[in-house]
Protein chains: 2
Amino acid sequence: MSGDPSDQARSTAVKQLKALGLSTYAARTFVALVSLGEGTARDLSEVADVPRTRVYDAAGELHNRGLVDVKQSSPQRYWAISTETAGRHFEQEYDHRVTVLTDALDQLVPANRSTEQQGVWTVTGRDTVTERVVDFISSADDEIVYMTAEELLTDEIAECLSTVSDRGVSIRLAEMSQSVEARLEQDVPDAKLFESLWNWSETPAGRLLMVDQNKTLVSVLVDGNGEHPPEPRDETAIWGVGQTNSLVVVLKTLFTWQLDNNRDSQDVR
Amino acid sequence: MSGDPSDQARSTAVKQLKALGLSTYAARTFVALVSLGEGTARDLSEVADVPRTRVYDAAGELHNRGLVDVKQSSPQRYWAISTETAGRHFEQEYDHRVTVLTDALDQLVPANRSTEQQGVWTVTGRDTVTERVVDFISSADDEIVYMTAEELLTDEIAECLSTVSDRGVSIRLAEMSQSVEARLEQDVPDAKLFESLWNWSETPAGRLLMVDQNKTLVSVLVDGNGEHPPEPRDETAIWGVGQTNSLVVVLKTLFTWQLDNNRDSQDVR
DNA sequence: CAGCTATTCACTCACTTAATCACAATACTT
DNA sequence: AAGTATTGTGATTAAGTGAGTGAATAGCTG
């Protein structure tokens, strides 16, 4: 009845709907109803592959959620809202959730989130690491030293650097690939380049970041070689904050030495 | 240790986190970690009221989601991201979900979503009815006739009316309460007022809407009197589309008669 | 009225998740 | 250095949720 690409669309739609909190039956029923436009319990049962006797529950759930309208005839018919409306609907619901959540959490957060720590924290996952990097960069008052692999320089990061640069924070970027440099030159004209410690492009290193000589983060790209599915969870980072933090101390000396050497126009290694 | 308001904040936060897809343990652990800022499994177990041996799983789940970073010490310590970051994090995740969903659904939607229907569909819930109203108004090509109870005139609706008015759609508003009229006069200066059929403010009626003499919706405010919790699900609407649709036909004649009478400056009833 | 269909309800089964326990590994104390 | 306390991991049990099935009721059609 339906081809392969259509089936795939179905299953991803069902997956997302379930993740959005619908039951399997409700998700399948909704997808069927969208592709049918309108239909009876029997129709839906066939297309959605949901037991006929359970379509009513599923449709009820959908009606409660406001995704489906009901016609009180016999047999009763169901009608699905448009995809755009569905999108808006979920967005609204979600915004509300997040607002309520952050409000509640803000009431709980203690006054002093310590600014001096002993050890280092680990973060996993490319997107998550990016989040930390953005947090760090955004919090900069004075100076940022940053080295990054090309593939990890997202628009988000570039934009973030540009913002703090406008705020007057001095930015030092390690020598990286041509394209990265060119890109940043455009977005962050005030950034100063310096010679990299390593041959950056040949290491599996991800990023090095130091903010205000006070917060540091270093990441590496892991697996990607020995793993079966090409997971996006392919970056691992450690970070630490505080003047006495060991990671901070190490990177600070490293960078200081590096930057000083560079200032004397000496090419190191 | 913590007062009543704080406890309430905790429980709502936990509720939202669970709705966002976390397990109860993970949700409780995260909330505890936010109010602690940082802590060991033991600390969390006490504050979160989660069995100590399960805190590790919960923290793992949170770490995978990118909400918590881990310190590899002994005992290992956990650190929660800031509430703002958490908010951004969920927003991003959600935007992605909705995008994927709508893309998939758009592939499934059939070419012809019929424009001619027999019966009437029912919708429940104030927000959901508003969604339909917005859909209808947005789709207007020619003319809108609208009557609404004051409390139901949200900013969203006013804005929507204003948009289509700019597009050249003629808008006729029934006589309503002073404040509603004043408000719309400002947002939608081109709208023409006409005398209402009923003494609008004294009926439990919600809204009447006719778009292009082709789509109609009528809603009433239900319960709100006999129900124990003041539920927001207090509006029920029916709608139908098509020239031959019975509801459309009825409302069309009603409005036409009404508007014609009004044009002759006759006050009806 | 008879036969069919639609709808609801009650129940089973399977699976996820909460909760406890037992044990191994590690750190701390004297 | 040995003993004790604490941390982390895994296995196990219990409870709850949701998928799936069938029977019973209500409603329609001819």
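What you see below is based on every heavy atom in this structure, not just the backbone, and it leaves out hydrogens, waters and symmetry mates. All chains are named by letter (A, B, ...) in the order of the sequence lines, taking the proteins before the strands, and each is independently numbered beginning at 1.
Surrounding NZ of A:Lys252 are more than 12 heavy atoms belonging to other residues, nucleotides or ligands, all under 6.0 Å away.
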What protein N or O atoms touch nucleotides 20-27 of chain D N or O atoms at under 3.5 angstrom, if any, and at what distances?
unit_1: D:dG20; atom_1: OP2; unit_2: A:Tyr25; atom_2: OH; d: 3.0
unit_1: D:dG20; atom_1: OP2; unit_2: A:Arg28; atom_2: NH2; d: 3.3
unit_1: D:dG20; atom_1: O5'; unit_2: A:Tyr25; atom_2: OH; d: 3.2
unit_1: D:dG20; atom_1: O6; unit_2: A:Arg54; atom_2: NH2; d: 2.3
unit_1: D:dG22; atom_1: O6; unit_2: A:Thr53; atom_2: OG1; d: 3.2

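A:Thr130 and A:Glu156 share no donor-acceptor pair across their side chains, judged by distance under 3.5 Å alone. Looking at B:Asp43 and B:Thr40, their side chains do bring a donor and an acceptor atom within 3.5 Å of each other.
Nearest heavy-atom pair across A:Leu209 and A:Leu251 is O-CD1, 4.2 Å.
Atom CZ of B:Arg77 is separated from atom P of D:dT7 by 11 Å (rounded to the nearest Å). A straight line from CG of B:Asp43 to P of D:dT6 spans 13 Å, rounded to a whole angstrom. For the pair A:Leu22 CG and D:dA19 C1', the interatomic distance rounds to 15 Å; values are reported in whole Å.
B:Thr29 OG1 to B:Asp49 CG: the interatomic distance, rounded to the nearest 0.5 Å, is 10.0 Å.
Under a 4.0 Å N-O distance rule, the pair A:Arg88/B:Glu131 does not qualify as a salt bridge.
Using a 4.0 Å cutoff to heavy atoms of chain B, the contacted part of DNA chain C runs 5' to 3' from C:dA18 to C:dA27.
Among the atoms of the strands shown, base atoms are found under 4.0 Å from some heavy atom of B:Arg52.
Ring pair B:Trp79/A:Trp121 is tilted by interplanar angle, where 30° to 60° counts as tilted.
In this structure, B:Asp95 has no side chain to side chain donor-acceptor pair (under 3.5 Å) partners at least two apart in sequence or on a different chain.
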